[in-house]
> 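The structure's right below; bear with me while I get my questions together.
Within every chain, numbering begins at 1; the chains are lettered A, B, ... in the order of the sequence lines, protein sequences first and strands thereafter. Keep in mind the model is a prediction, meaning the values are calculated, not measured.
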2 protein chains.
Amino acid sequence: MKLEEAIKSTKFKSEVHKAVLHILYTAWWLKTVGAKELKEFGLTHEQYNVLRILKGKHPEQMCVRDIASRMIEKSSNVPRIIDRLELKKLVKRNTSALDKRETVITITQGGIALLAASTLVMDEKMMKQFVLSEEEAVTLNVLLEKIREIA
Amino acid sequence: MKLEEAIKSTKFKSEVHKAVLHILYTAWWLKTVGAKELKEFGLTHEQYNVLRILKGKHPEQMCVRDIASRMIEKSSNVPRIIDRLELKKLVKRNTSALDKRETVITITQGGIALLAASTLVMDEKMMKQFVLSEEEAVTLNVLLEKIREIA
DNA sequence: TTTATATAAATGTATATACACGTATTTATT
DNA sequence: AATAAATACGTGTATATACATTTATATAAA
């Protein structure tokens, strides 16, 4: 569906203005499509993101601040997301021995298994479905980088 | 800041995969930059969006469903956003005479004034600051359209 | 006309976002 | 060593997201 139909709007102040709305809409669309797949695994987008971050360092532990710095949405409340993952026994929390202020998190075997299963589905049902070519994706990445270059 | 620094990640499965994360990150970044400006007016991004939608039809009224269909994030809970706008007397709610199930919303003079002031700031401090050219924005819009073309 | 179905909006609930603040602990300064 | 400043995390609050349910009203079908 074209952006114009999606938000029932045809007049934009400029192509740049349209692009801003387009990025916001596409992000929402991507999240929605992904969330639908993740729901079968009882995961939210953010919980999935935290699990992926932890898996990337496994078997090393990570502290909360470290996880937060890798989140896509920087204002995510990581302690609370970990609360939910801990309840489901997908991660384990421990106080750091070196610095008692730090809480170190480890992904459990259950977490690894659920992440593997959900990633498989996400890759098959989402990532592999995109029509966009690798070359087009490179261009897209360059342009997205550029929109954050503020004068 | 490059995406790699922003989310402290260097290895992506593909450029397409990177682009997906990039869109999500850029959307968050755009919302954050915009929200900072809107905060001075006591508005959230979503409240601003609803006011803009209402202004587009003014002096016509709009029902809740009509507003919802124009929202960027389709799962927005419009009645609740309107609750907040109504409390601040930026919009007015009335039951439709034709169909008593419908609630019709009108933007007030105060709403129009606040929207005008905040749009001025948003345009000056945000929209006009982008380095992206109109031609680049066209390409960006084409590619964003394409990423939603799922096989 | 009565009943069933559909529709519009509001409401409830769990989670997340955005941000301020509190508490414990560590590091730096005097 | 005592105090101050910084840091890490957790918690509180308002708003939003995502989605299910409820209530009122309108429309369709029996």
> Rounding to a whole Å, what distance do you find between A/W28:CH2 and D/dT17:C1'?
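Computing the A/W28:CH2 to D/dT17:C1' distance gives 11 Å.
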
> Checking B/K88 against B/Q47: is there a side-chain donor and acceptor pair closer than 3.5 Å?
yes

> Looking only at side-chain atoms of A/P79, point me to the closest of C/dA9, D/dC9, C/dT25.
D/dC9

> Let's test your reading of the model: under 3.5 Å, does the base of D/dG10 pair with the side chain of A/R93 as donor and acceptor?
no

> Reckon B/T103 has a side-chain N or O less than 4.0 Å from the OP1 or OP2 of C/dA10?
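Yes, B/T103 has a side-chain N/O under 4.0 Å of OP1/OP2 on C/dA10.
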
> To the nearest Å, how far apart are A/I67 CD1 and D/dA8 C1'?
13 Å

> Expressed in angstrom and rounded to an integer, what is the separation of B/D83 atom CG from D/dT17 atom P?
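Taking atom P of D/dT17 as the reference, CG of B/D83 is at 14 Å.
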
> Touch check for A/R84, heavy atoms < 4.0 angstrom, all strands: base, sugar-phosphate only, or nothing?
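Answer is sugar-phosphate: A/R84 comes under 4.0 Å of backbone atoms only.
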
> Measuring from the side chain of B/T44 (C-beta onward, heavy atoms only), which nucleotide among D/dT11, D/dT15, D/dT25 has the closest atom?
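Selected nucleotide (nearest to the side chain): D/dT15.
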
> B/D66 versus B/I105: any side-chain heavy-atom pair under 4.5 Å?
no

> Looking only at the side chain of B/E102 (C-beta and beyond, no hydrogens), which of the listed nucleotides C/dA16, C/dA8, C/dC19 gets closest?
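When the side chain of B/E102 is considered, C/dA8 is the closest of C/dA16, C/dA8, C/dC19.
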
> CE of B/M71 versus P of D/dT17: gap in Å, rounded?
6 Å

> Check whether any side-chain heavy atom of A/I67 lies under 4.5 Å from a side-chain heavy atom of A/V50, and answer yes or no.
yes

> As a test of reading the structure: which of C/dT17, D/dC9, C/dA9 is closest to the side chain of B/V64, going by heavy atoms?
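Of the options given, the side chain of B/V64 lies nearest C/dA9.
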
> For C/dA8, take OP1 and OP2 only and decide whether either is under 4.0 Å from a side-chain N or O of B/S96.
no

> Please state how far atom CD in A/E40 lies from atom P in D/dC19, giving the value in whole angstrom units.
13 Å

> Can B/E5 and B/K8 be counted as an ion pair, charged N to O under 4.0 angstrom?
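B/K8 and B/E5: not salt-bridged.
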
> Nearest to the side chain of B/S76, heavy atoms from C-beta on, is which of D/dT17, C/dA10, C/dT17?
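Nearest nucleotide to the side chain: D/dT17.
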
> Taking CZ from B/R80 and P from C/dT11, how many angstroms apart are they, rounded to a whole number?
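Roughly 9 Å, once rounded to whole Å.
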
> In terms of the nearest nucleotide of DNA chain C, which residue is placed more toward the 5' end: A/I81 or A/L98?
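With A/I81 and A/L98 compared, the 5'-side residue is A/I81.
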
> In whole angstrom, give the distance that lies between atom NZ of A/K36 and atom C1' of D/dT17.
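Distance check: A/K36 NZ to D/dT17 C1' gives 18 Å.
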
> Report yes if a donor N or O on one partner sits less than 3.5 Å from an acceptor N or O on the other, where the partners are the side chain of A/R101 and the base of D/dG10; otherwise report no.
no

> Can you tell which of D/dC9, D/dA16, D/dT11 lies closest to the side chain of B/Q47?
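Ranking D/dC9, D/dA16, D/dT11 by closest atom to the B/Q47 side chain puts D/dA16 first.
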
> Would you check if there is a donor-acceptor pair between the side chains of A/N94 and A/Q61 at a distance under 3.5 Å?
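Distance-only check fails for A/Q61 and A/N94.
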
> Is any side-chain N of the basic residue among B/E4 and B/K18 closer than 4.0 Å to the acidic one's carboxylate O?
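So B/E4 pairs with B/K18 through a salt bridge.
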
> Of the nucleotides C/dG12, C/dT17, C/dT25, which one has an atom closest to the side chain of B/N77?
C/dG12

> In this structure, how many angstroms lie between the C1' atom of C/dT17 and the CG atom of A/L24, rounded?
15 Å

> Name the residue closer to the 5' end of DNA chain D, choosing between A/R65 and A/K39 according to the nucleotide with the nearest heavy atom.
A/R65

